[in-house]
Structure formats: C-alpha cells, structure tokens
Protein chains: 4
Amino acid sequence: MQTRACVLHSAKDLRIENVPVAEMGDEQVLVRIGAGGICGSDLHYYLDGGFGVVRLQENFIPGHEVAGTVEAVGSKVTKVKPGDRIALNPSRPCGHCKFCQAGEQQHCADMWFYGSAMRFPHSQGAFREQIVVEEFQCEPVGDTVSLGEAACCEPLAVALHVTQRAGSLTGKRILVTGAGPIGALVVAAARYAGALEVMAIDLHDAALKKAGEMGATRTLNVSQGLGLKADEFTAEKGYFDVAIECTGAGAVIRDLLPVLRPRGHLIQVGQTGDVPLPINAIVGKELCVVGAFRFHGEYALAARLLKEGRINVKPIITATLPFERAVEAFEMAADRKAHMKVQLTF
Amino acid sequence: MQTRACVLHSAKDLRIENVPVAEMGDEQVLVRIGAGGICGSDLHYYLDGGFGVVRLQENFIPGHEVAGTVEAVGSKVTKVKPGDRIALNPSRPCGHCKFCQAGEQQHCADMWFYGSAMRFPHSQGAFREQIVVEEFQCEPVGDTVSLGEAACCEPLAVALHVTQRAGSLTGKRILVTGAGPIGALVVAAARYAGALEVMAIDLHDAALKKAGEMGATRTLNVSQGLGLKADEFTAEKGYFDVAIECTGAGAVIRDLLPVLRPRGHLIQVGQTGDVPLPINAIVGKELCVVGAFRFHGEYALAARLLKEGRINVKPIITATLPFERAVEAFEMAADRKAHMKVQLTF
Amino acid sequence: MQTRACVLHSAKDLRIENVPVAEMGDEQVLVRIGAGGICGSDLHYYLDGGFGVVRLQENFIPGHEVAGTVEAVGSKVTKVKPGDRIALNPSRPCGHCKFCQAGEQQHCADMWFYGSAMRFPHSQGAFREQIVVEEFQCEPVGDTVSLGEAACCEPLAVALHVTQRAGSLTGKRILVTGAGPIGALVVAAARYAGALEVMAIDLHDAALKKAGEMGATRTLNVSQGLGLKADEFTAEKGYFDVAIECTGAGAVIRDLLPVLRPRGHLIQVGQTGDVPLPINAIVGKELCVVGAFRFHGEYALAARLLKEGRINVKPIITATLPFERAVEAFEMAADRKAHMKVQLTF
Amino acid sequence: MQTRACVLHSAKDLRIENVPVAEMGDEQVLVRIGAGGICGSDLHYYLDGGFGVVRLQENFIPGHEVAGTVEAVGSKVTKVKPGDRIALNPSRPCGHCKFCQAGEQQHCADMWFYGSAMRFPHSQGAFREQIVVEEFQCEPVGDTVSLGEAACCEPLAVALHVTQRAGSLTGKRILVTGAGPIGALVVAAARYAGALEVMAIDLHDAALKKAGEMGATRTLNVSQGLGLKADEFTAEKGYFDVAIECTGAGAVIRDLLPVLRPRGHLIQVGQTGDVPLPINAIVGKELCVVGAFRFHGEYALAARLLKEGRINVKPIITATLPFERAVEAFEMAADRKAHMKVQLTF
C-alpha cells in the first residue's frame, strides 16, 4: 500500500511523493491524517537541511503536529475505533531505559520522535495522508474540535509541560517572553493553571495581539520605551515569580533576571547556543534557571483540554493550505512576522 | 568604653586602632571575641578596597567569621550567660520586610551583615576585641570545640545552606568544584546529608588533599588528563545528580553541564560576572541552575554540629596569627595555593 | 465614639448594642462595615456558646467574614484612602514568633483572629457598623463587586489555601466531599487552579446544584446507589489524585481512601474529633493525609480574584438580612439544608 | 535439578523439602543462598497461616531477606559473575504498568514479591539453597560484609525508603516509635540522612539499647513516667519535625500528634487496621500523615551502604541458625522481647 507524503530531499527541495504504508500490527492503528502544523524544527530542515549538528542524511518526511481519523485498528486495540478523530502523539519512548522507568520519558535513551533527524535512520514524520501508529499514540479529541485545532495538541502539550516545571502557578505573576506559537500557548497554559498575571512581551504588536487573545492579562512591546527596565518590574528585587523564556534570544534571557523576585524561576524553553549569564544575579537572588523539554503525560491532557473546549487554540492558526502546496506553506511559515502557525490539510 | 580593632582605611591600609564599644541594651550581649577567620570578601576589601560596585567609602572594620566568650548580658537575655562560649551570627535581618515574613531572611530588604560595605554607612565588622551584639546572634558552642573551630561556624552555615538547595542529597552522587574553604566545607556538609558519592575537583593537589580529609569519596585534579570529559562522567547523559560549583570560574561552570544527569541540579555558590552558558544543554536535559546565597536557620545548625563534634573543621584552618599581625595574616590568606583558612586570635 | 454591634451574651442570646469604637492610630483605618457572612464557628457560638473546649467567657461580638468602606485613615496609611471599598482580613498574626518568621503565619503563637473565643479576653469580631483595623488588614476590592460578595473573601481565602496544600492541581482529578459554602468555594478554587475534573459529592441535591454552578465538572449524590464504592472510582487502585474533605464526617473520610490513587492526597478541611482510619490503606498506597488550616497570603489573592471577577461567589449567598435581624439570620444559617451562606448588611 | 527449601504446608507446619530449581535463562542468574532473615510477614505465615485477607492457599516457601553467592550466569548477564556475593532484591515489578512507567514501582499493578501470598499462585520465597533470579535482582555487596549482614539489605531498603518520604531530614529532629528491626534500621537511616536528633521510644530497654547502638541520639522508655506527654515535647506546639511510626499501635500513633510541630510529618510504616485519629489535630496543625511502603531504588543504595560499611547492621542480628532448624528459628523470632532479627544460614 502506498500513500502520498511530503518528502524533503534536501534543503528547499520538498516534493509530494508516494511512500509505502506499513502493515498494521495487532496493537496498531491506521490513521488518515487530516491536518498538520509546521513547527520551527520542520522549518529548519526545509530551509537549512537541519540545525546545529542535526543534518538530513536521507530523504525525510517532516511533521510531528498532526491529527486525523482512525481508518482501521489491530485486533487488540481498545482505545480507539474506526471513525474516531484523534490527535497523534509523535513521541514514542522505549519504555525500558532508566529514564522511562523513572517516569522521565522525555529523556528516553532510545526516543523515536516523529519527524526528527537526530538519529539515523531518521525518525520519519507524519506529513502524509496515511500512517500506521501505535495505539498508545492516539488521543481521541471528539467531534467538536476541528482537526486543525487538534493538530495543535503537540505544541499545547509542550506549553503545558513548561508550566509544570515551576510548580504551581496558581496566584503567581508570570512573564512570558516571545509571543510566537509556543509563547502564545504558554500564555494560555499559564492562565489555565491559575496564574494571577500573565504579561507577554515581544517586539511585534501583531504577536502581542495574539497573546492577548490567548489570555495575557497584559502585553508589552519591548522594542519601545524602558521595556523590562521600568521601575515597576525591578523594584523590591523583582516583580515576577516566574519567567517563561520562549525566544532563545540571549539579550532577552539576560534582561529577565532583574525582574524576577528572589528565589524566582526562569523556565527556559527557547533553544539557542551560548548566552552570557550574570552568575552574580543568579547567586545573589538564589534564582532557579530551569530547562523545559518536550512533554509526556501532558499530551493526553492537551487532547482532553482541546476536546472539551477549555483552551481555544484558534487564534494561533494563521493560515491553512492543502498539503500539495506544502512548499508555499513552508515559505509562509518562514515569515514569522506575518504568521504564527501555518497548517497543511491532507 | 574603647576596644582594639582591625580598621581598614583603604586598600592595603589596615591598622590596629581603638574604637568605641556600644552601650549594651536589655536584649544585648557583650562578647569578647576570641578568634576570627579571614573570608574572601574580607580579602577583597583589603586587597582592592572592594569588589564590583561595592567599594569602601569610610573606615571599615572587616570580619564576619568570629567566635568568642560572653562577658556580660542585658537584663532580658536568657539564651546565654557570662562565660558561655559562642559563635557569633553576623547576619541581622530586619524581621519585618516581606522576605523576612516569608522565611527568606537571607533576602532581607534591610539586611545588616557584619563586615559588609554593601550599604552606607557600612555594616562594621567583628575583627575587634569586644563587641555588643543582639542576643539572637549568639549561638552557644560548648566547651570542647576551640574558638578557632567555632569561628568556622559562618562558612559552615553557608555550606549547609548550599546543600539544602537541591533538596535531599541522601544517596545521591555529588560533584563539588573547587576545594577552597567553602568547597571543602560543602564536601563535609554533603557527606553529613547522606550523599553517596562526593567527588571534589580542583587544580591543586594540596586543596584536594584537604577535601579528602573533609570527606570527599574521590578527588580529581582536573589540570591533568581528560578531567570531567572522561566517558565515565558523560556516559548515559551524565553521571552526577548534583554539582555544587564553588569556583566561580566560567570554564568550570560550562564543563559541569555534560556530567549532570537529566533534571540534575547545578547549585551555584561561586560568584562571578558573565559566563557564557549553553542554553541548549540546559533545555535539552531540563537542568536546574540554582543560586545559593548566605544562610539563615543553618547558622544554629552549624553551631550545634560543631559543638557536638559531628563535623570536624580543623583540616581547613591552615594558619592562626594574633590580630596584631593582621596585615601579615591577610597577605597569607591572599596566597590561595598555600592557605585555606587563615584565622586571627584576639 | 460608639457604634452598634451584634453582641452575644450567651448561647441564643444575641443583642444589638452600642459598643465603643477604638481611637484610630497612625497606621490604622476606620472602616464602615457593609456586609458580613455567618460562618460555622459564628453559628457554634450562637447555638451552643462555643465548641469543644472553646467556650464564651464574656460578652462577645461574632463575625470574621466582612467587607466595608474606608471612612478615615491614619497619617501613615498609604494602602487605602477614604471611600475605598475593602475586604477585611480578620487574621492578625504577631509577626514576631518563630512561625511568623518562617512564613507560616496561620500557626502564629499569638494570633489575634476576629470573632474567636479561643483566647481570653476573646478576640472580638466584626459584626458591627464601625471598626478600627490595621492598614495591612484592608484589601481593596474595587467598585464592581458587591460588598456581600467581598465578604466572601475570607472563606474564599480558606478555599485557596486548601488547594495549595496538595501542590499543583493542574490537570488533576479532584474529589470534593461536602458541598456547603467551603466545599463550593473549594470547587471554584480547584477549577481556578486548573483541575481537569472536579467531582463534588453530598447528600443533598440542592447543595450539589450549587457546586455545579461553582464549577464542578460532575456531582454525585452519595445518599443513593453505590456512591464512591462504584468500580469506576476504585478500579486501578483509585481514580482521584486529590480528595478535599470538607464534611468532617468520619464515614466520608474513610470512604475516600479507596478512591485515591497511590501517593494521592487527602486534604482535610472539615474539623471533627476522633475518626477511625484504616492505617493499612494509608501505608499500602502511601497516601498523604494533609491538614489545611486558615490562610495567609491567600487573603490578598482572594480579594484580587473577586475584584477582577475571576471567581463568582454569588451562587453561595442564599440570604441577606439587615443586621438588626441577626437573630433571624443566625436561625436561617442553622438550617444547612436550606441555606449555604447567610449574610448580614450593616 | 532439585534443591532443599523451607516449605510451609500450613500454620506451624514448616518442613525442609526438595523443590525444583528453574532452568536459567539468558538474562538470569543461579544463586546459592547463604543467609536469610525472618521478617514479620514470614512470621505471620508461620504462626497464623497469613494475615488479614492474605491466607496461605498452597504450599509456600517464605523468605525475602536473603543474600548469597552467584553460581552461574546466563549468556547476556553482565552485572554479576560466578563467585560474586550479592544481596537479592525480592521485588520484581512488571515494568509496564502505569505505576512502573511513572517511577512508582512499589505500587506495580502486577508485582511479584518473593515470599508473598498476596497473589495466587503465591509468589514463592527464597528460603532455599539455590534459586534462579533475574539479573536486575542481584546487587553486589563485595567481600567484606558477611552474607548475614547482606541479608539485611531488604529491611534497610525499607528504612531508607521511609526516610525519603518526608523530604530532606538533614538538621531535623526525628522521633522513631518502636525499636524493633525496622525501627532500629530507620534510626540508622535517619542518622545517615543527616538528622540532628533521633529519639527512639519503646516499651523495652533491650530494644532501646539496640536503637542506641544503631545511632539514636536519645532513647526513652515510654512505659515509665510522662513519656511523650512531657512538656519538653509538647511545648511550642510540638518538638519534632518528623515522627516515623514503626509500631502500628493505635495508642502510639495518637500520642505522636501533640509532639509534632505545625506542618510536621508523621511517616507511617507500621501496619494495622483502624486507628481513631483526632482530625482536629491534623487540621489545626496542618500535619501530614504519610504512608511508606516497600522500596525501589533504595535496594541498590542499601547494598552499596552495606558494601562500603557505611551503615552497620550487626547490632540487630540477634540469632543465626542453620536452615534445617528453621522451626526453632521461627519460634525464636516470635519472641519479640528477646529477639530483633533471627537469621537462617543455608
């Protein structure tokens, strides 16, 4: 059996081609993909053929933010049935390594994450019409949410994971830096977790408008005025309890430290290389700089919240194109000022 | 009433002079100082007239690691009596600010810390023969420990505070970087807290020998061979649960990240300015970089552990001189290869 | 200066009388009370002259759930000004004892809590037209919420404190037992904190209806059918992550244990005497039974949430009477099947 | 292949019989048992044919505290080799259920725990000369500790698990109730974890003497005098930070509450049925009553501590008999006033 897929042969060389569909096992599920969102890592593969030391070494199907409809199920499958609409968890930890056995599956020593070239052969992705997956990867989303929204389940899971890294956010003052797709979802996740104030900052008003729609209680364009250097943020050793850093920009990370209260948390989400950090500030205020990476149990939670309409992700979907126009879609996604999340339909 | 004290007029200009002794109030205690240790900050004042933006602006008595004997007590004092041997807590938080009321006295908005030029007028220190202090600053140390050892109560309190910042250390693998006085006390504190392995690293064998005497289960001179880059430390995403960084050296801090397990903690004690940190490593392994600053309840704990002989601090005291020879003592303390802790007697 | 107040001379003997108004100090505020809610402890004083070993020993003004309008302020007051509408924090911890200095003010060794006969002379309460209070007790509630709703600030603070005792509730399954005023507010507080499911149980449909209005995702009348013994709750070692017990009924407490997952938390709010608990169940599932008592920082949070309309407390206010009819109001409050929260206006 | 074993046919009917030795697989290990300790549950099977609803339903080999020497290893085994002396972890969680995947293996939904009649067919135990086990169950103990001491690895793992349930014990005041084998090991584990004070209480001086040898800083025979009702323990809302309850006696559990400080922890280890607990005390002081059950990672830690001589378990071994005299040994173990831990040799 064959299906059509987006196949990246090298940077900027994305083709629609037939690829084989695996045979479905007893505990597996055949899914017809309905929608898929283009993520930053997809874009890096498309634009640059990879990032850092991760480079394309063979033809590669990108895509890990997808949702679809169950077409068939193996004989032992009980979680879903044909016709069910699902979000597809792209994370397949091994279950056996010491990290999995400690409940830290996001650090699995043998992780198979869809649409990732970190390992070779690459973990092929899900920008394709049909795919065979494990039962446990399927999270039902019900019939009221669109598959486009359901395809936001993965970045929402990331955002929910992020907000767990600082303990309870209930009643706290939160700063979110960078109002891109992840930042905007982090805003929503922080509000869902009971944050008292969620201030989003960015350089662009359009992004901040989206952050407001996602629930920010305040937005600040830091390209103007004092930005975070204003007295109201730095007085009394710092205003915010938690900063969630989604830009990966060194200057932003450094600027956060003075606005965090003693023992405050900086949750780092944005990835980047070396950033000079003032160690004195971390020591003197006993700050905690904490990394947040991927998700595990949060995927099922994200699916549930989408299914029940508790978090509305529609504001972040800024364009939707049929997958046959994937090249166009990737080019649109590359224009980060104009677009938040660009999705494909299948 | 007058007493003799070490008075710093400017960098390198340290004199023995008479200074007034304050009148003792109802809740105060008159203490005859017996011993005092020279700390890194004392040395900065002596050598450079300050550090960073903290500069001497008036005559200044250094010293905050001291112990002595009670000479007289105010009418309401019950905690100590004349003749009692005590360690003197140099930390006097205000008790009223929001940090004190939250049990985070080390971040007091109006802290009065002996021998600190952070505020003006400066908080005068305790390298003097007699001093009037608050009752709550006195921690009895009993009759079996020397006043020199008792004067190590303050850095031991710092070390105990450090080891609390990563939660329980029981059964954990700990790396301590830098085997100076604080590093060596951190080794002892980590062992006291039930650490399974405590590996100390340094560039000098003499310091590592002291770390071994303080309880390190392993020492490594990283000026030779692979140092922390050895496979045994980096395999399986990192060997250590917790690293306690006491050098403040950028190269050391960076080298720690690969040897920490996912979700491991880097407790930063050493102070320095900007250090380039690889954000990718913090995010991908979800590390926690945590500052540790001063102490609060740990001072009383340190006094108790010294009193009961549970932690032996003798190995770190490498020289003791009468305070009249303070200049000589400060010069010795400046030679960090030759000396750990240099103390004065009064 | 005199003002009218509700004064309890003994059980069932509640009179409206003139009482003196204290002179206002520099850091104090004169408040005209607008509304006050009758709490369970008020009711115990009225019906029984006390509870347990706490008994009325002198004339006593009940009331600790009140809100009003600032009439005058002392010369050093900056937090509020005449005309401001405020909720009045009835909790006045000493600030000096070891519990206050540890940030655990609810355990203050010298607590002065309005409308409590725990100490003698009693802490007189706030069911009166005018009262002089400390500045720090005043929490502004803005102009859009009614004073009746603002008077719910205290029980809402209790509910918010309760939900903090189990760590983050985000994405968790919560069971709330007892849908009286506190139970209903706990439901709202748990939803605010991001609970995924909040099931309220009670013996009365009317109370459960209120719980639904406060945000319960499911309600169950346990006077019928299997109640918590149903398979869906006990399967796989227990369904709920956290149970918040607001009844103080022994039979309910015991029934909770089988529906809590291993390492689940039972937060105990309802007060009662001895209850036989199956120790085997606590040990075998490693459950945590955790007490929750009063509040501290949560009072300001509650005021803020009411001010901003984030939690709607209107459903729990079931009757409002002028304070001159206080006897009638207390009798109504005693009928717990018919009433949730009965309030007085002043 | 056959080997000799202790086989319980019914209560008090313990025989030495031949039983088959399983065939060794690629990842398995053949162990010659050298020593085994009689635990409370073994004793219940012997004396009463079970406990509570757990009853013997077939011939049953007791024993789960054993150590021995590796005789042969499967082809894929790397952790141990023939001749290695090991402690044998009796816990074999399934690795797949939701509890195992969450790192809570002690709550495994399909646990196979040696010498337990909780499931049927029963999990046969290890009081036998030869046994085939999984590689992961073998923990090397080196050549300096006796196999009798190594056989204390299991109860030591229990004790280490217990001490982790209250967070860090460093610098804390701990009360241990009941100085039987578990209580005595808890004393040692609490000292290892840096407890400042460990007071053990019991009704018998002989047991308290053992607790002292295991590291108790104070012992108290509560059959005399005021016991825990003395002012020094109840003043200021309670003296101890943590109580570790090893008796399972209702009266003891109740007496603990007044001596725990506000927010203190009661770690419950001893198993029993219903105990009336004063809910008011738990609520008013916000106590945490926390169950502790079995162990997981602590087994390897216990083996390491024994191997390195960091915890000395010799004081608790009060008698050692050849397994052919098992009946006599079980009868001795039943005399809890005279014996702590009775062991068999094989």
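Residue numbers start from 1 in every chain, and the chains themselves are labelled A, B, ... in the order their sequence lines are given, proteins ahead of strands.
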Need one label for [X]: side chain, backbone, both or neither, based on atoms under 4.5 Å from any heavy atom in chain C.
| X | value |
| --- | --- |
| Leu277(D) | both |
| Gln271(D) | both |
| Glu236(D) | both |
| Arg294(D) | neither |

* To do: For residues Gly270(D) and Val283(C), report the shortest heavy-atom separation together with the two atoms involved.
  => O-CG2, 3.8 Å

* Structure fact -> Between His107(C) and Gly284(D) the two heavy atoms that sit nearest each other are CE1-O, 3.4 Å

* Asked: Is there side-chain contact between Glu245(D) and Ile279(C), with at least one heavy-atom pair below 4.5 Å?
  ->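 Answer no - side chains too far apart.
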
* To do: Could you have a look at Ile282(D), Ile267(D), Leu266(D), Thr272(D) and say which one has the most heavy-atom pairs with chain C under 4.5 angstrom?
  =>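 Sorted descending by pairs with chain C, the first entry is Thr272(D).
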
* **Check: Glu286(C) side chain, Phe293(D) main-chain N or O, donor-acceptor pair, under 3.5 Å** =>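 Present.
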
* Which one of Ile253(C), Val269(C), Asp274(C) has the most heavy-atom pairs closer than 4.5 Å to chain D? -> Asp274(C)

* Do you know which of Ala109(C), Pro262(C), Gly52(C), Cys97(C) has the most heavy-atom pairs with chain D at a distance under 4.5 angstrom? ->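 Heavy-atom pair counts peak at Pro262(C).
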
* Drop me the distance from Lys237(C)'s NZ to Lys98(D)'s NZ, to the nearest 0.5 angstrom. => 10.0 Å

* Asked: For the atom pair NZ (Lys285(C)) and CD (Glu104(D)), what is the distance rounded to the nearest 0.5 Å?
  -> 12.0 Å

* Please indicate whether Arg336(C) has more than 12 foreign heavy atoms, meaning atoms of other residues, nucleotides or ligands, lying under 6.0 Å from its CZ. => no

